[in-house]
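Working notes, structure below.
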Amino acid sequence: MSRVLVIGGGPAGMMAAIAAARNGAEVCLLEKTDRVGKKMRITGKGRCNITNAADMQEIIKNIPGNGAFLHSVFKAFDNQDVIQFFEDASVPTKVERGGRVFPVSDHADDCVNAMLHELHEAGVEVAVKSEVKHIVFHKQKVTGVQLKDGEILEADAVILAAGGASYPKTGSDGSGAELAKEAGHTIIPLLPALIPLESEEEWVAELQGLSLKNVHVDLLVDGEKTADAFGEMMFTHFGVTGPIILTLSRTAAFALHDEKEVELELSLKPALTPEQLQKRVERDFELYQKKSIKNAMHDLLPMRMIPIILDLAFIDPDKPVNQLTRAERFRIVNLLQHLTVSISKTRPLDEAIVTCGGVSVKEVNPKTMESKIIKGLYFAGEVLDIDGFTGGYNLQAAFSMGYAAGNWSVWNMDEN
């Protein structure tokens, strides 16, 4: 009987262990913390967004970090397979806005417990508080692992599914990348993705807690538009966050890493053309012409934003509307569609929802997930340079990679 060791008890590692055991291998799942599935238990705000109901091409589009690499593993184990896996494990699912798939119970623990049950049913040995110090190999072939206490565990195959570097308290602390690097793999720098962005502009902090809906944001890198998003965002004491900010954060993180200038350009009225907005503003100003400008913009903006916009436009808030110059009116209209926020950095990596960077996918077989450098070494999950947006895409990728790695870690041995 072949022996497979899986490093990491996250969604990719658990799926890999289940797949390998169902193929007849003797499997041991090694988890460094005191229990498996820690990070999975907090995904989807504790509800566990297990996948997305979109077709596979759409899912790949929502994985900007090397999504195309996943074509083969998605064909082998797609979103319907993930849903069926949990349905078979007595976890019924539902589809919500944006195709997001959740357990009907809205409890991530149900998903983790279902996987634990499947691990037990498949005969997988789960060893918690078992930290791997080295992957052991001889003549470019895996022979096992060495634990932190020095114990050597022999194996015919090792699946590295130790996660990225976000949420280190869950065990995802970047150690997987170090193990891969020691085995000769190239590591793309680990950077935060799906992360809030920081700004040093004082007015941003003054708007702390203010949420904006239906805004359009352009991400500028060295003055050039690089990405954009539409939806909801929020100001914080340190900068900005919210769904569209998280979507843009991956691109921002790479640009900041390369020491480039990063700015966000907000359009607060994206549904209107500049000409339409000009007429809208003039209509309001005509209606409130006898008031001060600070009291004439409540139909245009949230109250807390009015003094900020007027300050940025260099306009006295007590100035009567009918005394505004043409240039002042233009500055107001321009700011409503081109409000710029300078970004100084991302929040720390350990606060990121996912990590971008990791083991270079060029050194991994996209069908089998086996290393092209070390025979018998497989990868799955966030330890690889693969990351997606929110919406179930990252868990789908983890499950599909785990399934492929688990199967091929046994099938390749059978073929040999």
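Residue numbers run from 1 in the order of the sequence given.
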Worksheet entry | Student check: side-chain heavy atoms of D110 and F86 closer than 4.5 Å | no
Quick one: does E125's side chain have a donor or acceptor within less than 3.5 Å of a partner on L29's backbone?
no
NZ (K225) with more than 12 external heavy atoms under 6.0 Å = yes
Check this for me, if you would: do D34 and K129 make a salt bridge, where the nitrogen-to-carboxylate-oxygen distance has to be below 4.0 angstrom? no
| Within 6.0 Å of CD in E154, more than 12 heavy atoms from elsewhere | no
Taken in chain and number order and not counting sequence neighbours, the residues that satisfy ring-ring contact (aromatic ring centres under 6.0 Å, His included) with Y403 are F77
Output, in order, the C-alpha distance, side-chain angles, deciding distance and verdict of side chain to side chain contact (heavy atoms under 4.5 Å, CB included) for M401 and I386. CA-CA 11 Å; M401 286 187 279; I386 293 172; 3.8 Å; yes
- [ ] Kindly check if the number of other-residue, nucleotide or ligand heavy atoms within 6.0 Å of CD (E200) is above 12?
- [x] no
Rounding to 0.5 Å, atoms CG (L210) and CD (Q208) come to a distance of 11.0 Å
K141, NZ: over 12 other non-hydrogen atoms inside 6.0 angstrom: yes
- Under a 4.0 Å N-O cut-off, is there an ion pair linking D106 with R47? yes
d(N52 CG, L395 CG) to nearest 0.5 Å is 11.5 Å
Okay, side chain of N79, backbone of M56: is any donor-acceptor separation there less than 3.5 Å? no
dist I343:CD1 -> L256:CG (nearest 0.5 Å) comes out at 8.0 Å
- [ ] For salt bridge (charged side-chain N to carboxylate O under 4.0 Å, His left out), just list the numbers for E118 and R22, CA-CA rounded to whole Å, side-chain angles, deciding distance to a tenth of an Å, and then say yes or no.
- [x] CA-CA 10 Å; E118 295 304 313; R22 287 179 176 178; 2.8 Å; yes
Heavy-atom neighbours of H298 NE2 exceed 12 at 6.0 Å: yes
Could you walk me through whether R3 and D156 pass the salt bridge (charged side-chain N to carboxylate O under 4.0 Å, His left out) test, one step at a time?
CA-CA 5 Å; R3 179 167 169 78; D156 301 293; over 6 Å; no
(request) Answer yes or no: is there a donor N or O on one side and an acceptor on the other, between the side chain of T51 and the main chain of V101, under 3.5 Å? (result) no
Q. Between E363 and I373, is there a donor-acceptor pair closer than 3.5 Å when you use the side chain of the first and the backbone of the second?
A. no
Discussion item. Working note: I332 + L310, criterion side chain to side chain contact (heavy atoms under 4.5 Å, CB included); need CA distance, chi angles, decisive distance, verdict.
Written reply: CA-CA 7 Å; I332 290 173; L310 293 177; 4.2 Å; yes
CD (E206) and CD (E202) are apart, to the nearest 0.5 Å, by 7.0 Å
Practice problem: Would you check if E198 and R347 make a side-chain contact, meaning some heavy-atom pair closer than 4.5 Å? | Solution: yes
**Q.** Check: D81 side chain, D78 main-chain N or O, donor-acceptor pair, under 3.5 Å
**A.** yes
### Query
Where the side chain of T143 meets the backbone of V136, is there a donor-acceptor pair that is under 3.5 Å apart?
yes
F379 meets the ring-ring contact (aromatic ring centres under 6.0 Å, His included) criterion, sequence neighbours left out, with H185
Any side-chain heavy atom of T226 within less than 4.5 Å of one from V262? no
* Is it the case that more than 12 heavy atoms not belonging to F254 sit under 6.0 Å from its CZ atom? -> yes
V158 and V145, any side-chain heavy atoms less than 4.5 Å apart:
yes
Worksheet item: Taking the side chain from N66 and the backbone from D385, do they hold a donor-acceptor pair closer than 3.5 Å?
Response: yes
Taking F330's backbone N and O only, do any of them form a donor-acceptor pair with N334's side chain (distance below 3.5 Å, no angle check)?
no
M413 vs V4, test: side chain to side chain contact (heavy atoms under 4.5 Å, CB included). Steps then yes/no. CA-CA 10 Å; M413 283 186 281; V4 177; 4.0 Å; yes
Value for CD1 (I195) from CD1 (I353), rounded to nearest 0.5 Å, stands at 8.0 Å
Discussion item. Strictly distance-based, threshold 3.5 Å: is any side-chain N or O of T170 a donor or acceptor partner for the main-chain N or O of P168?
Written reply: no
- Is atom NZ of K94 surrounded by more than 12 heavy atoms (other residues, nucleotides or ligands) closer than 6.0 Å? yes
With a 3.5 Å distance limit and no angle check, can you tell me whether N394 reaches the backbone of G388 through a side-chain donor-acceptor pair? yes
Verdict with reasoning, I42 to Y167, per side chain to side chain contact (heavy atoms under 4.5 Å, CB included) = CA-CA 10 Å; I42 62 175; Y167 293 102; 3.9 Å; yes
### Query
Side-chain contact, heavy-atom cut-off 4.5 Å: S400 with L70?
no
Should the heavy atoms of other residues, nucleotides or ligands under 6.0 Å from NZ of K181 be counted, would the total exceed 12? no
What one should report as the nearest heavy-atom pair of S249 and L197 is CB-CD2, 4.1 Å
Checking side-chain polar atoms at under 3.5 Å, does N23 have a donor or acceptor matched by the opposite partner on N407?
yes
Looking only at heavy atoms, the pair that brings A16 and I159 closest together is CB-CD1, 3.9 Å
Counting C-beta onward and ignoring hydrogens, is there a side-chain heavy-atom pair between M115 and V36 closer than 4.5 Å?
no
Taking the side chain as C-beta and beyond, is there a heavy-atom pair between M305 and L212 under 4.5 Å?
yes
- Task: With the side chain counted from C-beta on, respond yes when M297 and D284 share a heavy-atom pair under 4.5 Å apart, and no when they do not.
- Result: no
Residue pairs meeting salt bridge (charged side-chain N to carboxylate O under 4.0 Å, His left out), one or both in residues 245-263, sequence neighbours left out, come to R250-D387
| task | Please step through side chain to side chain donor-acceptor pair (under 3.5 Å) for the pair Q80 and Q84, ending with a clear verdict. | result | CA-CA 6 Å; Q80 294 307 311; Q84 192 62 53; over 6 Å; no
OG1 of T355 to CG of D173, rounded to nearest 0.5 Å, is 10.0 Å
